[in-house]
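Report on one structure; see the data block that follows.
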Amino acid sequence: MSSKFRKTMTLSALLQRRAKRMQTMMDNRFEQEVTALEQFPLTADLDANLGAIRSTFGDSDDLVVRRFFVAQGELEAAIVYFDGLSDNETVNENIMAPLMSANRLPVRSDRSLSVNEWLEKSGIPIGESSRTDRLNEIIRSVLSGDSALLLGGVNTAILLNTKGWERRGIDEPRTESVVRGPRDGFTETLCVNTALIRRRLKDPNLRIRHITVGRRTNTDIAVAYVEGIANSQIVDEVMDRLQSIEIDAALESGYLEQLIEDSHWTPFPLIQNTERPDKATANLLEGKLVIICDGTPFALIAPAVFSQFYHSPEDYYERFLIGTLIRLIRVLSMIMALLLPSLYIAFSSFHPEMIPSRLVIAMAAGRSTVPFPSIIEAFLMEVTMEILREASVRLPGPIGPTIGIVGALVVGQAAVQAGIVSPIMVIIVALTTIGSFAAPSYSAAIALRMLRFPMMAAAAMFGLYGIMLLLILIIIHLCSLKSFGVPYLSPLTPSRFGDLKDAFIRAPLFWMKNRPSFMKTEDKRRISTESGKEEVGQQNGEQRESNERNK
């Protein structure tokens, strides 16, 4: 029996080593293909260049290669693009029609000009163009929606911007809706998203750096920051982490978030995501960076601190008293979402003497028919609510919210009537679920939902002592986190009194003259004038008195 087991283990080890060897060989083959493309220069033979492009794409059916003559038959040319990525109307009317028209394109009589210079001066109506003599640049541009114009007898190609794929319109963000504020949100198109930021931030110091991530997807990434405000060390750190990513595909900004964050073993998000251009612009003005990924409407904001996940853009659009009230409500909802079930378990199982007598009697009457301890009761209800929440998200739009509400009502009422759970348990689970919905950030709400279950287990084992012990561990963990070198609990620790004006309360705008000090921005002033509200009010009063005297 032992020899058979050893043979099985040996065979398994051999299969694992063979699979690892094959994977290494495939990776090396891909690297060799990429290196060969980078080292392959274009030649003056048009047929050879087109053959290399066709072999690279494997004669894909959506690859369009159109050959024609220009300059009244003097030169043979070919244009290469992908159907669906490039705009066919732009290719036909702005490139091929001028080049093939004998009336619009003069004969190349001036031989002192190169062919490329002659074509550019002949007036191809394309706003953006560039030259290249490398096959890999042609491949990447064509896959990005550009068109490549190749000429016979010339060892360079002209890359023309003809991007024209189908795109979604600018709609209101679904995950970050506000009562008062702009209604436009990011889309899946990178150039549209960068334009939405530039529309709001008309500052010549706004910098947008483009890089490519993903060996096979070649996903376009844009990193936006304001030069003169953002800390140069943070900018360099973000760019270094993005450029060091080695992965086949980056299909969404979540890939980037997981690959560049400081700590992977934490439930708390260290990078914030947003669909709102106004929120991204506001964070740029605080010295942060915005990472925009092509193909997704979710942009990343880095660095991120704990308090900003409970901020909403409309906190600044309303007056400061209203904004402060809304933030305090969110903080209360955060506490409810994390602690309410565990407090119920601790009080009902370990500390009933701390509850008023009449409430103890009511709780005992409600639990008289429940056959489970409070921890089992709470776990059953919480797991049921999580299943209903997930089901309502996956169902179609009109049906999902209805199923969630009706399912919760029906399941809760049936469970109470069957004596499986007590009525107060249903109330506590409902309040907990509502509290988790009040968080503006979906990632932050998930972190609280995850920590709720170990908090309930600690309460079931040690009561209030277990809750306090786990809370201390969570706070220690939060103190140890950093986001691109910025302490996660800033401005609470390290304590900065001036930054507390915009942490869990929202002070008046004329009090927040400086940008957050924990970001170590180069330009620290947000309000350039030294006059406060008192001086402005004094000036207004003097103006009114002057007007009355003139009357």
**Message:** Testing the 3.5 Å rule here: is there a donor-acceptor pair between the side chains of Thr217 and Thr219?
**Reply:** yes
**Arg526 side chain to Asn514 side chain, donor-acceptor N/O pair below 3.5 angstrom** = no
**Request:** May I ask you to decide whether Arg389 forms a salt bridge with Glu386, counting only side-chain N to carboxylate O separations under 4.0 Å?
**Result:** yes
**Prompt:** Salt bridge check: are Arg330 and Asp315 linked by an N-O gap of less than 4.0 Å?
**Reply:** yes
**Asked** Rounded to the nearest 0.5 Å, what separation is found between the CG atom of Leu478 and the CG atom of Leu489?
**Response** 5.0 Å
**Request:** Name all residues meeting the side chain to side chain donor-acceptor pair (under 3.5 Å) criterion together with Asp146; count only those two or more places apart in sequence or in a different chain, and write none if there are none.
**Result:** Lys163
**Asked** Can you list the steps and then say if Met336 with Thr432 is a side-chain contact (heavy atoms from CB on, under 4.5 Å)?
**Response** CA-CA 6 Å; Met336 289 172 50; Thr432 304; 6.0 Å; no
**Interatomic spacing from CD1 in Ile292 to OG1 in Thr189 - rounded to 0.5 Å** = 12.0 Å
**Prompt:** Please walk me through it: do Phe309 and Phe268 pass ring-ring contact (aromatic ring centres under 6.0 Å, His included)?
**Reply:** CA-CA 10 Å; Phe309 289 95; Phe268 297 98; 9.1 Å; no
**Message:** Holding to side chain to side chain donor-acceptor pair (under 3.5 Å), I want the full list of residues that pass it with Glu227, two or more places apart in sequence or in another chain.
**Reply:** Arg207
**Prompt:** With no hydrogens and no angle check, is any side-chain donor or acceptor of Ser141 less than 3.5 Å from a backbone partner on Ile138?
**Reply:** no
**Message:** Any heavy-atom pair between the side chains of Leu289 and Leu300 that's under 4.5 Å?
**Reply:** no
**Request:** Using a strict cut-off of less than 4.0 Å between a Lys/Arg side-chain nitrogen and an Asp/Glu carboxylate oxygen, indicate whether Arg276 and Glu172 qualify as a salt bridge.
**Result:** no
**Request:** Using the side-chain hydrogen bond (donor to acceptor under 3.5 Å, both in side chains) rule, collect all pairs that involve residues 480-491, keeping only residues at least two apart or in two chains.
**Result:** none
**Prompt:** Can you tell me if Thr162 and Thr90 form a side-chain donor-acceptor pair at under 3.5 Å?
**Reply:** no
**Prompt:** Which residue pairs satisfy the salt bridge (Lys or Arg N to Asp or Glu O under 4.0 Å) criterion with at least one member in residues 252-269, sequence neighbours excluded?
**Reply:** Arg241-Asp262
**Prompt:** Crowded around Phe57 CZ? As in, over 12 foreign heavy atoms under 6.0 Å?
**Reply:** yes
**Asked** Between Gln308 and Lys288, is any side-chain donor less than 3.5 angstrom from a side-chain acceptor?
**Response** yes
**Qualifying ring pair (Phe, Tyr, Trp, His ring centres under 6.0 Å) pairs, either residue in residues 177-236, two or more places apart** = none
**Request:** Could you pull out all residues at least two apart from Glu314 that satisfy salt bridge (charged side-chain N to carboxylate O under 4.0 Å, His left out)?
**Result:** none
**Prompt:** Hey, are Tyr316 and Asp278 close enough side-chain-wise for a donor-acceptor pair under 3.5 Å?
**Reply:** no
**Student check: side-chain heavy atoms of Phe298 and Thr175 closer than 4.5 Å** = yes
**Item:** Lys/Arg N to Asp/Glu carboxylate O, Arg200 vs Asp184, below 4.0 Å
**Value:** yes
**Prompt:** For Ile505, does its backbone N or O pair with a side-chain atom of Thr324 as donor and acceptor, under 3.5 Å?
**Reply:** no
**N/O donor-acceptor pair under 3.5 Å between Glu286 side chain and Ala282 backbone** = no
**Asked** So with a 6.0 Å cut-off around CZ of Arg199, is the heavy-atom count from everything else above 12?
**Response** no
**Request:** Run the salt-bridge test on Arg215 and Asp248 with the 4.0 Å N-O cut-off and return the result as yes or no.
**Result:** yes
**Message:** Side chains of Leu431 and Ile427, heavy atoms from C-beta outward: is any pair under 4.5 Å?
**Reply:** yes
**Request:** Could you tell me which non-hydrogen atom of Pro491 sits nearest to which non-hydrogen atom of Leu500, and how far apart they are?
**Result:** CG-CD2, 4.0 Å
